[in-house]
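Contents: one structure, followed by commentary.
Just so it is clear, the values below take in all heavy atoms, side chains as well, and ignore hydrogens, waters and symmetry mates.
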Amino acid sequence: MSVRVRFAPSPTGFLHIGGLRTALYNYLFARHHGGTFVLRIEDTDQARYVEGAEEDIITSLEWAGMTIDEGPHSAGKFGPYRQSERKKMYHEYAKQLIDNSWAYYAFDSTEEIEEMRDRLKASGNPSPKYDSITRQSMKNSLTLSQDEVDKRLEAGDAYVVRLKVPRRDTVKFEDLIRGVVSFDTAGLDDQVLLKSDGMPTYHLANVVDDHTMGITHVIRGEEWLSSAPKHMLLYQAFGWEAPTMAHLPLIMSPSGGKLSKRKAESEGIPVNTKDYISGNYEPKALINFLAYLGWSPGDDSEIHSMKELCELFSLERVSKGGAVFNYKKLMWYNEHYLRSTSVKDLLPTVKSLMEEANLDTKNDEYLKRVLELLHERVAKVNEFVTMGAFFFEAPKDYDAGALKKWKSDSSIFVKAYQEKIGSLTDNEFTAANLKTSLEAVVSEKEVGFGKVMMPVRIATTGQGFGPDLFSALALVGKEEVIRRINTAVERLG
RNA sequence: GCCGCGUUCGUCUAGGGGCCUAGGACGCCGCCCUUUCACGGCGGUAGCACGGGUUCGAAUCCCGUACGCGGUACCA
């Protein structure tokens with residue numbers, strides 16, 4: 001049987017980085033086995049539905065380099081791939097469960113259930129549940145007469161369908177990552193399967209869809225582990241073979257706990273995939289980093305393309321414990337991938353970023369030389385813009401940190417240098433000559449190299465760091481360099 | 001509270017009874033390179049949660065404790 005996996009997010013917001021990793025592990029597993037990667041949209045919660053979320057999910061997956069084999073916008077014979085469009089199906093299956101005594105109608109209102117919980121709590125029960133014992137005191141098709149049930153149904157009374165969890169049983173199953181896990185059914189609620197708005201809950205929809213879509217492996221976050229026994233019970237109730245389960249460790253925040261939106265933001269970690277897209281991160285870096293967050297191939301390798309990851313991946317090698325998101329390591333990956341991309345390939349991206357920043361990139365040859373000077377120094381593509389803006393326009397202001405190195409005598413040295421290079425012709429305005437000129441000033445004034453070099457750098461680039469100064473100045477050109485020095489002397493004194 | 005899952009350097013991890021005086025990577029620190037900042041090269045720092053077993057031998061197996069995380073909804 002060929003492998004079929006699914007990534008099944010609910011469109012309640014932008015695709016979270018944790019969701020992206022879940023998708024990735026599903027994708028890698030599918031590709032490794034030559035299987036199929038399905039995207040299913042779990043839009044059963046109408047209250048939390050967010051417009052545009054589905055598009056964001058698809059865009060994000062594509063950006064990351066995952067191809068969806070089947071999904072709402074891709075071909076597939078198991079559709080529809082949005083749960084809201086499969087509504088009718090869930091009712092049929094729920095009915096089947098009722099007919100087989102695996103589920104029942106329940107007419108309790110939310111208030112009544114709350115009341116029941118309060119009462120149980122007051123009586124000393126520390127964990128009030130809607131379980132096999134409490135259901136006997138509630139209004140449902142198990143306690144009400146058939147007549148009464150029919151009457152209510154006909155009258156259009158609000159109802160839900162609940163799973164009839166066996167009273168005393170143990171649900172055991174093998175998880176590919178965790179080994180055998182077992183749960184006592186006494187701890188399980190009679191889970192709602194069909195909500196009063198007619199929509200199924202996750203539990204019903206998920207099981208029905210996984211089965212009818214021929215899913216062979218369910219790979220999802222650990223937050224689902226506790227509900228897995230309910231799902232196993234459902235498979236049993238339907239008489240279906242359950243897919244193989246694999247519950248992934250969670251991605252944790254550096255301060256502990258699940259990497260939530262709030263936590264991530266307060267710790268400076270972009271949490272939505274779209275933030276990585278707009279932040280100009282390298283998708284290959286994010287993927288490589290994410291793949292290693294909870295998994296490793298077992299050797300000392302660190303760098304792998306998506307293709308290699310597909311070959312190497314296996315669920316057995318996924319670790320069990322939660323993995324803390326390490327932003328610096330992500331940046332290390334980002335730098336790595338940026339550096340291994342040639343200037344030629346970087347050019348179009350940088351060019352459009354420059355244009356977005358309203359910089360006139362002159363010609364491609366010029367831009368290419370700028371990139372060559374900056375290539376080894378940037379950690380993220382957009383830094384080509386922030387670090388290299390001075391190649392295209394005079395500095396608007398001078399970096400505060402750099403200014404500390406602008407001393408009272410700096411203008412003297414800078415002017416001396418200006419005078420020196422003023423005598424060079426345009427053809428002589430080369431990195432080598434610019435360096436010789438600076439060395440001449442240094443020996444004439446009998447000061448250290450940095451005493452002259454740094455002020456010149458600040459005056460011409462506005463920064464206290466950057467690429468080789470002389471190559472940069474040669475590129476900027478004589479006329480402009482002289483003008484910038486004038487401005488700096490005027491403004492900085 | 002209850003249920004479940006987990007626990008090797010600060011972080012991600014290798015390790016599945018002797019090959020471990022625990023390996024790699026990120027970070028951090030130092031040195032080299034160097035006109036700045038980086039890159040790069042070299043070196044260093046730091047860990048088997050704790051307590052009991054089992055065994056000739058335990059990071060590796062078993063039990064307990066602690067801690068962490070998840071779940072406990074007509075949310076997914």
| All side chain to side chain contact (heavy atoms under 4.5 Å, CB included) counterparts of Asp345(A), not counting sequence neighbours |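 Testing Asp345(A) for side chain to side chain contact (heavy atoms under 4.5 Å, CB included), a comparison that skips the adjacent residues, returns Thr341(A), Ser342(A).
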
| field | Listed partners of Glu316(A) passing side chain to side chain contact (heavy atoms under 4.5 Å, CB included), at least two apart | value |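 In terms of side chain to side chain contact (heavy atoms under 4.5 Å, CB included), with neighbours along the sequence ignored, Glu316(A) is linked to Leu176(A), Ser314(A).
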
| What residues, two or more places apart in sequence or in another chain, satisfy side-chain hydrogen bond (donor to acceptor under 3.5 Å, both in side chains) together with Asp45(A)? |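 For Asp45(A) the side-chain hydrogen bond (donor to acceptor under 3.5 Å, both in side chains) partners, ignoring immediate neighbours, are Arg48(A).
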
| message | Checking His231(A) now: which residues fulfil side-chain hydrogen bond (donor to acceptor under 3.5 Å, both in side chains) with it, not counting sequence neighbours? | response |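 With sequence neighbours excluded, His231(A) shows a side-chain hydrogen bond (donor to acceptor under 3.5 Å, both in side chains) to Arg220(A), given in chain and number order.
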
Pairwise N/O distances under 3.5 Å, protein to nucleotides 16-20 of chain B:
none

| query | Is the gap between the ring centers of Tyr202(A) and Trp224(A) under 6.0 Å? | reply |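 Yes.
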
| Taking the six-membered ring where the residue is Trp, are the ring centres of Phe289(A) and Tyr327(A) under 6.0 Å apart? |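 Ring centres of Tyr327(A) and Phe289(A) not closer than 6.0 Å.
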
| Is there a donor-acceptor pair closer than 3.5 Å between any side-chain N or O of Ser253(A) and the backbone N or O of Ala264(A)? |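 Here the side-chain-to-backbone pair does not exist.
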
| Of all the nucleotides listed (C75(B), G27(B), G71(B)), which has the minimum atom distance to the side chain of Lys328(A)? |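 From the listed options, G27(B) comes nearest.
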
| said: The side chain of Arg162(A) is closest to which nucleotide in this list: C75(B), C74(B), C3(B)? | reply: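 Looking only at heavy atoms from C-beta outward on Arg162(A), the closest nucleotide is C74(B).
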
| Same-atom distance (C1') from U7(B) to U65(B), integer angstrom |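 Approximately 13 Å lies between the C1' atom of U7(B) and that of U65(B).
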
| Does the side chain of Asn433(A) come under 3.5 Å of the side chain of Thr436(A) through a donor N or O and an acceptor N or O? |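 Distance-only check fails for Asn433(A) and Thr436(A).
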
| So what does Lys258(A) hit on the nucleic acid, given a heavy-atom distance under 4.0 Å: a base, only sugar-phosphate, or nothing? |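 Lys258(A): backbone/sugar contact only, no base atoms under 4.0 Å.
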
| message | Using a 4.0 Å cut-off on heavy atoms, which residues in residues 296-304 of chain A reach RNA chain B? List them by number, or say none. | response |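 The answer is Ser296(A), Gly298(A), Asp300(A), Glu302(A).
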
| task | Can you sort out which residues in residues 186-199 of chain A have a heavy atom within less than 4.0 Å of RNA chain B? Ascending by number, please. | result |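 Contacting residues: Asp189(A), Val192(A), Lys195(A), Ser196(A).
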
Which pairs, protein N/O on one side and nucleotides 47-50 of chain B N/O on the other, fall under 3.5 Å?
none

Which atom pairs, one a donor and one an acceptor, fall under 3.5 Å between side chains of residues 382-389 of chain A and the rest of the protein, sequence neighbours left out?
unit_1, atom_1, unit_2, atom_2, d
Asn382(A), OD1, Lys380(A), NZ, 3.4
Glu383(A), OE1, Ala379(A), N, 2.7
Thr386(A), OG1, Glu383(A), O, 3.3

| RNA chain B: Lys435(A) or Lys320(A), which has the more 5' nearest nucleotide? |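 Taking each residue's closest nucleotide, the earlier one in sequence belongs to Lys320(A).
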
Expected list for residues 10-20 of chain A: side-chain donor-acceptor pairs under 3.5 angstrom, two or more places apart:
unit_1, atom_1, unit_2, atom_2, d
His16(A), ND1, Gly18(A), N, 2.8
His16(A), NE2, Leu259(A), O, 2.9

Throw together a table of side-chain donor-acceptor distances under 3.5 angstrom for residues 443-456 of chain A, partners on residues two or more places apart or in other chains.
unit_1, atom_1, unit_2, atom_2, d
Ser443(A), OG, Ala440(A), O, 3.1
Glu444(A), OE1, Lys420(A), NZ, 3.3
Glu444(A), OE2, Lys420(A), NZ, 2.6
Lys451(A), NZ, Asp409(A), OD1, 3.4
Lys451(A), NZ, Asp409(A), OD2, 3.4

| What does nucleotides 37-45 of chain B look like as a protein-contact string, B for base, S for sugar-phosphate only, - for none, at under 4.0 angstrom between heavy atoms? | BBSS-----

